[in-house]
2 protein chains.
Amino acid sequence: MAEHECVQLVPIFSELGSEQLDTIESIVRHHHYPAGSTLFGADDPLDSLMIVANGQVKVYQLAANGREQLLYLLQTGDIDGEAALFENQRRTSFGEALVPTDVCSIRRSDFQDLMQKYPSISINVLNVFGKRLSQLERQTTSTATESVEARLANYITETAAALKTDTFKLPLKKKDLATFLGTTPESISRKLALFERQGLITQKPGKVIEINDADQLLW
Amino acid sequence: MAEHECVQLVPIFSELGSEQLDTIESIVRHHHYPAGSTLFGADDPLDSLMIVANGQVKVYQLAANGREQLLYLLQTGDIDGEAALFENQRRTSFGEALVPTDVCSIRRSDFQDLMQKYPSISINVLNVFGKRLSQLERQTTSTATESVEARLANYITETAAALKTDTFKLPLKKKDLATFLGTTPESISRKLALFERQGLITQKPGKVIEINDADQLLW
DNA sequence: ATCAGAACTTGACGGCCGTCAAGAAATTCA
DNA sequence: TGAATTTCTTGACGGCCGTCAAGTTCTGAT
């Protein structure tokens, strides 16, 4: 594997120099998870910060009625576990690798030491928090107040905008996308078919979607 | 007004000594907002951290269709929700005083200096945002996967548990509670009436609710 | 205390969307 | 590559709950 592997990937360490990254790399643990395997579950002790070195991880919760809610889709370079870095808490969500995934982890006490030594890290962590909070705030507002149609249209245009392309492949199975948007796979199928009938999008094999009229899609 | 007024109230400064609190107090600005007035709006520049010294503030977003989503209810001692304090960003939500409210604010640059000087502050801020994040995760899961009935029942039992009492007054108008739970005032009225018919709660004048059977309320 | 306005309750109605089911398409693995 | 399994699509149906409306209760200001 490469030199600073995961440590280099992560924005929270971006202000650090090469030797400092070496130091961090030396205290990092490496893990590999096959597709479909579980990284962590609710009630697990939350004792380390995880860095996705390569792959894709879905983070979800289970409601009391057993239904699943996808909260985050972690990509290469994303971190997780920052929510309780200084408190003894347990996890509240599940983590599952969607593809073969490499993960680096730093134990909580080690990370605390790092933050003492390099204050820029704490500020970066706070910013990661901020992004996650505002993403989640928007998600909450969206699922609570908008129709499935509007939420799906939003998701499509935002995903396309993030990739800077009009034609892209959905990064999730419809089942997972459904739990992310707070709906069902059937409803997604129907709404996509509707968008296609309206000429707003074109669906191609392999979960590929082409946007024909982004403005109209958002009303 | 008292000595350390708001600064003393806030958990994020709890590790600091009296003279340090004095220093902070000296850079704090005080504001008063009458009930119903706006503290901040979406797109306002995010240039200071706000501390609720006394009163109650609702923080909400507006969806594209104009509907309101209540995200947080800030009480005395709470700080406002924007975690993006270290990036040049704008606010994403609205803040409105529900009762006459005193607020102290610290300018962003001053707060950044404080965090450099007293690392305990950053750690406390991380913990506050961590709690807020997991609260919001649960809220998202709840509104996306559970029925109005289940969400309301949950809200009632949790509020009662937090107050350690079976009889309590709803801290919000039904209209605001509705936007918090992702429903409508009418539905809340109906479900409360249903719970009362089932003997699970008793409603009394003045938004007071008495829980008769907490277990049954959650199934 | 009185009154105007806001908040709440209750009923009727309808539409969105979740559920169940069955067949089609796509993906995986030997 | 081919078969087995998973995922997806489409239809029919029904219930939850949002909307509209009208009446009632509550609240707060004069």
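Each chain gets a letter, A, B and so on, in the order its sequence line appears, and its residues count up from 1.
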Go through DNA chain C in 5' to 3' direction and return only the first and the last nucleotide with some atom under 4.0 Å of chain A's heavy atoms.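 The contacted stretch runs from dC17(C) to dT27(C).
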Under the rule for ring-ring contact (aromatic ring centres under 6.0 Å, His included), what residues qualify as partners of Y72(B), not counting sequence neighbours?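 In terms of ring-ring contact (aromatic ring centres under 6.0 Å, His included), with neighbours along the sequence ignored, Y72(B) is linked to no residue.
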Check: residues 205-217 of chain B side-chain donor-acceptor pairs under 3.5 Å, at least two apart:
residue	atom	partner	partner atom	Å
E210(B)	OE1	K204(B)	NZ	2.9
N212(B)	ND2	G199(B)	O	3.4
N212(B)	ND2	I201(B)	O	3.4
N212(B)	ND2	T202(B)	OG1	2.9
D213(B)	OD1	D215(B)	N	3.4
D213(B)	OD1	Q216(B)	N	3.1

Starting at CG of L49(B), measure out to CZ of R107(B) and round the result to the nearest 0.5 Å. 13.0 Å
Which residue pairs pass the salt bridge (charged side-chain N to carboxylate O under 4.0 Å, His left out) test with at least one member in residues 152-174 of chain A, sequence neighbours excluded?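 Residue pairs with at least one partner in residues 152-174 of chain A: R138(A)-E158(A).
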Return all side-chain donor-acceptor pairs below 3.5 angstrom for residues 51-59 of chain A, not counting sequence neighbours, or 'none' if the list is empty.
residue	atom	partner	partner atom	Å
K58(A)	NZ	E68(A)	OE2	3.0
K58(A)	NZ	D176(A)	OD1	2.8

With heavy-atom distances below 4.5 Å as the criterion, would you say the side chains of E149(A) and F195(A) are in contact? yes
Counting only non-hydrogen atoms, which of residues 194-209 of chain A are less than 4.0 Å from DNA chain D?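 Hits under 4.0 Å, by residue number: Q203(A), K207(A).
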Rounded to whole Å, how long is the line connecting atom NZ of K173(A) with atom C1' of dT7(D)?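 Atom-to-atom, K173(A) to dT7(D), this comes out as 8 Å.
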OP1 or OP2 of dT9(D) sitting under 4.0 Å from any side-chain N/O of K174(A)? yes
Start at the 5' end of DNA chain D and walk down; is the nucleotide closest to K191(B) or to E186(B) reached first?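 The 5'-side residue here is K191(B).
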Run D80(B) and R91(B) through salt bridge (Lys or Arg N to Asp or Glu O under 4.0 Å) and show every step you take. CA-CA 11 Å; D80(B) 81 85; R91(B) 290 188 178 273; 3.4 Å; yes
For S187(B) and for E149(A), locate the closest nucleotide of DNA chain C by heavy-atom distance; then report the residue assigned to the nucleotide nearer the 5' terminus. S187(B)
Does one side chain, of T141(A) or Q61(B), offer a donor that lies under 3.5 Å from an acceptor on the other? yes
